[in-house]
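Remember, it's 1-based here, ligands and their atoms both numbered in the order they're listed.
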Amino acid sequence: MISGWKKEYSDILKKFNYDQKKDKESAILLDSILKKSKVDEKIYDLIYGKTVFVIGSGPSLSFAIPKLRNLKKGTKIVADSSLKPLLENGIIPEIVVTDLDGDESSLRKIAKKSIFVVHAHGDNIEKLSLSKEFKKCIGTTQTKPFNKIQNFGGFTDGDRGVFLASHYGAKKIILFGMDFGNRIGKFSNTKKSERKIKLMKLKKGRSLLEWLATNTKSELFTTSMQIKGFKKISYKDLNTIIT
Ligand SMILES: Nc1ncnc2c1ncn2[C@@H]1O[C@H](COP(=O)(O)OP(=O)(O)OP(=O)(O)O)[C@@H](O)[C@H]1O
Ligand SMILES: Nc1nc2c(c(=O)[nH]1)N=C(CO)CN2
Ligand SMILES: [Mg+2]
């Protein structure tokens, strides 16, 4: 587990009033669903020493899509609800990070192709059985890791994707559609009644990325809104950064 995570998790439990027991219960169920596998090694091969793109559902995703279509190198890690517009534009990610509240039919479309990093938490217990359909899948928790369940750090699907890339030793991590800020992107699956919580979640996700930036060997870039510790770049800089 990334050093300092226990304190971050205890802040999350307090701030969002989550029940740690339910988080554990969810992780135990996911562990029972997943088969033993060598997916870890596949993830390592896709990330270690490579340029990795982490794609979220912020407002800048619409502008990012045409650029992502033209990328020739690198590994794409996609956060949950950003999968649908990407598939609609012919972009298939190597890795999907999800707590299974994105678009299920998009997840099913690539169930046998991509690698899934499924997050178990106290509020998605009833969705976990969908993981049975994923050919290559690993499980994560925000509590203590055990058996097949890992904890790379992070909170929302997008920032968990960045923690994953850092954990597996990405050389460079470049963010797309990861704006955080006060506007929820149109591709995000957020009901009106959940907007306030969602903005609180985004704020926490951003602060976790700022924390990770002080504590990673990966070089960090963003094409989205400025995040402390990430170098803000424009799309035309991409060719010189991607190696
Ligand atoms: N302004 C933004 N609006 C929406 N998503 C954003 C924004 N900025 C960054 N993101 C990232 O895009 C990711 C994908 O969005 P999605 O709506 O699927 O989130 P999520 O983490 O699944 O949300 P939830 O917490 O409800 O599970 C988020 O996890 C977040 O990290
Ligand atoms: N218990 C609990 N944990 C979470 C939740 C959530 O809704 N409940 N949402 C997350 C990402 O959005 C991450 N972790
Ligand atoms: Mg989600």
K.L.:
Nearest protein heavy atom to atom 8 (N) of ligand 2, by residue and atom, and its distance?
P.N.:
D123 OD2, 2.6 Å
K.L.:
Under a strict 4.0 Å criterion on non-hydrogen atoms, which protein residues are in contact with ligand 1?
P.N.:
G56, S57, G58, P59, A79, D80, S81, D99, D101, T156, D157, G158, D159, G177, M178, D179, F180, R183, I184, G185, S188, N189, K198, K201, L202
K.L.:
Between H167 and F152, how do the two ring planes meet: parallel, tilted or perpendicular, split at 30° and 60°?
P.N.:
tilted
K.L.:
Looking only at protein heavy atoms, which one is nearest to atom 6 (C) of ligand 2, and what is the separation?
P.N.:
Y18 OH, 3.2 Å
K.L.:
Looking only at distances, can you tell me whether any N or O atom of R160, backbone or side chain, sits closer than 3.5 Å to an N or O atom of ligand 2?
P.N.:
no
K.L.:
Does atom NZ of K136 have more than 12 heavy-atom neighbours, drawn from other residues, nucleotides or ligands, at distances under 6.0 Å?
P.N.:
yes
K.L.:
What N, O or S atom of D99 is found closest to the Mg ion (ligand 3)?
P.N.:
OD1
K.L.:
How close does the nearest protein non-hydrogen atom get to atom 14 (N) of ligand 2, and which residue and atom is it?
P.N.:
Q142 OE1, 2.9 Å
K.L.:
For S60 and D179, test the side chains for any donor-to-acceptor distance below 3.5 angstrom and give the result as yes or no.
P.N.:
yes
K.L.:
What N/O/S atom of D80 gets nearest to the Mg ion (ligand 3)?
P.N.:
OD2
K.L.:
Record the part of D157 in heavy-atom contact with ligand 2 below 4.0 Å; permitted values are side chain, backbone, both and neither.
P.N.:
neither
K.L.:
Testing D80, T140, D99, T98 for side-chain hydrogen bond (donor to acceptor under 3.5 Å, both in side chains) with H119, which one passes?
P.N.:
T140
K.L.:
Can you tell me, to 10 degrees, how wide the angle at the Mg ion (ligand 3) is between OD2 on D157 and OD1 on D101?
P.N.:
160°
K.L.:
Distance from F163 atom CZ to L212 atom CG, nearest 0.5 Å?
P.N.:
4.5 Å
K.L.:
Ignoring hydrogens and geometry, is there a side-chain-to-backbone donor-acceptor pair from D237 to I233 under 3.5 Å?
P.N.:
no
K.L.:
Any sub-3.5 Å donor-acceptor pair from S57's side-chain atoms to S82's backbone N or O?
P.N.:
yes
K.L.:
Looking only at protein heavy atoms, which one is nearest to atom 9 (N) of ligand 2, and what is the separation?
P.N.:
K201 NZ, 3.1 Å
K.L.:
Looking only at protein heavy atoms, identify the closest one to atom 1 (N) of ligand 2 and say how far it is in Å.
P.N.:
D23 OD1, 2.9 Å
K.L.:
Check the orientation of Y235 and F176. Use parallel for under 30°, tilted for 30 to 60°, and perpendicular for over 60°.
P.N.:
parallel
K.L.:
Tell me whether T223 contacts the main-chain N or O of L175 through its side chain, where contact means a donor paired with an acceptor under 3.5 Å.
P.N.:
yes
K.L.:
Of the side chain and backbone of F16, name the one, both, or neither that has a heavy atom under 4.0 Å from an atom of ligand 2.
P.N.:
neither
K.L.:
Roughly how far, to the nearest 0.5 Å, is CD1 of I173 from OG of S166?
P.N.:
5.5 Å
K.L.:
Taking atom CZ of R183 as the centre, report whether more than 12 heavy atoms of other residues, nucleotides or ligands fall under 6.0 Å from it.
P.N.:
no
